[in-house]
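Have a look at the structure below, then the notes.
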Amino acid sequence: MRYGGPGGTLAVSGLTMRIERGDFVAVVGPSGCGKSTLMKLVTGLHVPQEGTVIVAGHQVTRPVSIVGMAFQNPTMLPWRTTLENVLLPLEIVEKHRHRLRAHKKEYVEKAEHLLETVGLKGFGEKFPWQLSGGMQQRANLCRALIHEPELLMLDEPFGALDAFTREELWCVIRDLHAAQDVTIVLVTHDLRESVFLADKVLVMSARPGRVVAEHEVPFTRPRQLDILYDKAFNDMVQALHGEIATARAAA
Ligand SMILES: Nc1ncnc2c1ncn2[C@@H]1O[C@H](COP(=O)(O)OP(=O)(O)OP(=O)(O)O)[C@@H](O)[C@H]1O
């Protein structure tokens, strides 16, 4: 995938990965290695000049509707309440668009249930600007989940949060993955986050990005936050750190 025409920036090249249904995969790598590009390729926001992206058996040629996305900046619409923001994808995704008016109550209940799951019970009527950054991130996750995506793409969704809120949201995501049949791809700079949450961690090279290593995370589920202090956990984090340092140096 190259940006800006033939002489432009080659963001990813030879990037190959296979993710099975229900997997939780984290993608880590040096800054600028093409992690966000990968997200945009999988969701169909970009189409590669060479190679193919296949999601749920179909080649991706335009934005994919079975995907839920959450990026670092929650970009909620300020003139809509939190609940109305969470309901937004339903106005876009075809399967729900036609049902929305007749089944509004059912969808509102679902949105309220999701808000409750992430600790935002009773905040649906507030506007996004009345919520803290952490609360907006939580609402952002609800919006990514409202249309029951089969694939959830998370691009640094907890990047701007303080450590405590971030760890709390890790647990929300962990529980969502355990409770629902959803495949999750998480792009992150936070190696502890990748090891805590994922079944598999993919390490990318410096730009042009490709996968240089793939690690199964051996820790049993459900994982509790205490694991962050285990030696085996920290050894894995440190090993990943070393791999990324090597990938950066090779650039
Ligand atoms: N729209 C664009 N036009 C030109 N170059 C771009 C564009 N988007 C990304 N790039 C370049 O492609 C490369 C990969 O960018 P990308 O955002 O995918 O990396 P990243 O790994 O997500 O970065 P970071 O770790 O800093 O978030 C970078 O060198 C970036 O400058």
Side-chain angles (χ1 to χ4, degrees), residues 1-19 23-55 60-64 67-75 133-134 136-137 140-141 144 149 151-163 165-166 169-170 173 183-198 200-215 236-251:
M1 169 74 205
R2 189 186 289 277
Y3 290 105
T9 309
L10 187 59
V12 298
S13 178
L15 176 60
T16 301
M17 60 178 69
R18 181 185 173 88
I19 296 170
D23 272 0
F24 196 141
V25 172
V27 181
V28 300
S31 199
C33 70
K35 298 186 293 297
S36 298
T37 303
L38 162 71
M39 301 304 260
K40 289 172 190 160
L41 289 169
V42 174
T43 50
L45 298 178
H46 287 320
V47 175
Q49 291 88 2
E50 277 179 41
T52 48
V53 179
I54 295 175
V55 173
V60 175
T61 52
R62 61 195 173 101
V64 181
V67 179
M69 289 178 251
F71 298 116
Q72 181 165 355
N73 299 318
T75 56
Q136 288 186 36
Q137 292 282 10
N140 195 32
L141 279 177
L151 175 62
L152 183 60
M153 304 293 287
L154 304 173
D155 192 353
E156 295 276 354
F158 319 119
L161 300 176
D162 67 275
T165 311
R166 197 178 318 152
L169 284 186
W170 290 354
I173 291 290
T183 309
I184 304 183
V185 180
L186 166 73
V187 158
T188 182
H189 279 120
D190 187 334
L191 301 179
R192 294 159 77 242
E193 178 171 298
S194 72
V195 176
F196 179 73
L197 284 172
K200 197 190 281 177
V201 180
L202 305 181
V203 181
M204 283 178 69
S205 68
R207 187 172 64 80
R210 64 194 163 81
V211 175
V212 287
E214 193 173 314
H215 300 278
M236 183 160 188
V237 170
Q238 206 173 345
L240 286 169
H241 191 275
E243 279 182 23
I244 294 174
T246 309
R248 283 184 74 199

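For reference, positions follow the sequence shown, starting with 1. Read the numbers this way: they start at 1 and go in the same order the structure lists the ligands and their atoms.
- By the 4.0 Å heavy-atom criterion, Gly4 is excluded from the residues contacting ligand 1.
- By the definition of a contact as any protein heavy atom under 4.0 Å away, atom 4 (C) of ligand 1 is in contact.
- Neither the backbone nor the side chain of Glu156 comes within contact range of ligand 1; no heavy atom lies under 4.0 Å.
- For atom 21 (O) of ligand 1, the candidate residues are Lys35, Met204, Met39; the nearest heavy-atom contact is made by Lys35.
- Near Thr37, the atoms of ligand 1 lying under 4.0 angstrom from a non-hydrogen atom of the residue are 14 (C), 15 (O), 16 (P), 18 (O).
- In terms of the salt bridge (Lys or Arg N to Asp or Glu O under 4.0 Å) criterion, residue partners of Arg166 (sequence neighbours excluded) are, by chain and number, Asp190.
- Residues passing the ring-ring contact (aromatic ring centres under 6.0 Å, His included) test with His46 are Tyr3, sequence neighbours excluded.
- Heavy-atom proximity to Ser31, at under 4.0 Å, picks out these atoms of ligand 1: 24 (P), 25 (O), 26 (O).
- The protein reaches atom 12 (O) of ligand 1 closely, with a heavy atom under 4.0 angstrom from it.
- Of the protein's heavy atoms, Gly32 N, 3.5 Å lies nearest to atom 24 (P) of ligand 1.
- Remark: minimum distance from atom 30 (C) of ligand 1 to any protein heavy atom is reached at Thr9 CG2, 4.9 Å.
- The distance from ligand 1 to the heavy atoms of Ser36 drops below 4.0 Å at these ligand atoms: 17 (O), 18 (O), 20 (P), 22 (O).
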